[in-house]
Amino acid sequence: MIHELDKAAFHKCEPLINDEGHLEVKAVIEGNNPGRVFVDCIDSPRTGLIWLGNHDGFFFIGDEENEVFNNQINEFLNGVIFPEAKKLGLSNFIAIGNHSKWEGTIEKVFVNREMQVSNQKVYTLSTNYKNNNVPFIQEDYKVLKIDKEFYINESDVIDNIGFLHSKISEFWSSPEDFFVMGLGYCIVHQNKIVSLCFSSFVAENVHALDIETIEDHRGNKLGQKAAHCVVNEMVREGIIPYWDCDEANKPSNAVAQNMGLQNHLNYLVYIFPMD
């Protein structure tokens with residue numbers, strides 16, 4: 001039987017983590033970012049499933065050859081996970097293996113599901129960080145650090161502060177957690193946030209980056225500018241940036257390479273509908 005672990009017991013899954021694997025897994029197990037963990041055995045887990053708190057994926061961890069877990073996972077998804085996920089507005093299950101051996105197991109266990117597969121790339125800091133490649137942006141755009149005062153927006157200077165609030169709450173249990181562990185920058189145009197880049201998942205001294213630019217302002221290198229500001233501060237603080245993007249997203253890959261980040265990890269993402 002598959003059980004859900006209490007957050008206080010997440011540490012029991014530390015032996016299941018692939019040290020060379022995904023930052024999100026470490027961030028949830030360390031308790032830095034929200035998420036839920038399901039395992040084959042509460043006392044001594046051998047295999048587990050992590051549901052990210054931002055609902056952007058499910059990571060399989062531990063022993064990919066655990067037949068007891070593998071034989072029960074489809075029934076568990078259908079009976080427990082899918083009903084809850086559908087109530088949250090999700091329609092697809094996104095499966096990711098914390099190490100490459102999981103890929104064959106996922107394909108075997110979910111062979112009867114109509115899966116789509118995509119390639120993801122992770123970039124991290126290299127010794128060739130290119131601070132001299134910071135892009136030029138027009139003067140009517142202002143670069144501002146996301147600190148507590150900016151977030152609170154007591155004087156109502158920012159008209160769409162809800163955009164920032166929703167982005168932070170997507171990854172963090174509270175704004176306070178973000179201020180303690182994360183950092184970020186945004187770009188403001190006529191009192192509106194039009195682009196931002198910030199720490200989304202954090203484990204030890206590694207920070208995953210989330211970046212978004214409002215559609216009407218795309219093409220002006222705003223996301224690239226915000227990302228450079230974030231990465232530059234991370235370098236000063238001894239933090240390692242972690243940039244995850246779809247291989248097909250050429251602009252995102254180009255930004256990472258432009259900053260001198262290097263390809264660290266390639267993995268497959270499996271997506272199928274929650275029938």
Starting from the C-alpha separation in whole Å, work towards a yes-or-no answer on side chain to side chain contact (heavy atoms under 4.5 Å, CB included) for I193 and F150. CA-CA 11 Å; I193 300 170; F150 182 86; 3.9 Å; yes
Between atom [atom1] of [X] and atom [atom2] of [Y], what is the distance when rounded to the nearest 0.5 Å?
X	Y	atom1	atom2	value
L196	E212	CG	CD	6.5 Å
N33	I50	CG	CD1	11.5 Å
I137	N220	CD1	CG	9.0 Å
N70	D63	CG	CG	8.0 Å

Go through the side-chain N and O atoms of [X] and [Y] and say whether any donor and acceptor fall under 3.5 Å apart.
X	Y	answer
H264	Y242	no
N66	D40	yes
Y267	E103	no
Y123	D244	no
S199	W172	no

Can the ring centroids of Y270 and F110 be said to lie less than 6.0 angstrom from one another? no
Below 4.0 angstrom, N of the basic side chain to O of the carboxylate: do [X] and [Y] qualify?
X	Y	result
E170	K167	yes
E64	K108	no
K145	E233	yes
K26	E204	no

Are [X] and [Y] connected, step by step, through hydrophobic side chains (Ile, Leu, Val, Met, Phe, Trp, Tyr) whose heavy atoms are closer than 4.5 Å?
X	Y	answer
W51	F10	no
L125	M234	yes
I271	I106	no

Is the number of heavy atoms from other residues, nucleotides or ligands within 6.0 Å of NZ (K221) greater than 12? no
How are the rings of F82 and F272 set relative to one another: parallel (under 30°), tilted (30 to 60°) or perpendicular (over 60°)? perpendicular
Would you call the rings of Y151 and H165 parallel, tilted or perpendicular, where under 30° means parallel and over 60° means perpendicular? tilted
F201 pairs by side chain to side chain contact (heavy atoms under 4.5 Å, CB included) with which of D210, V206, N32, N54? N54
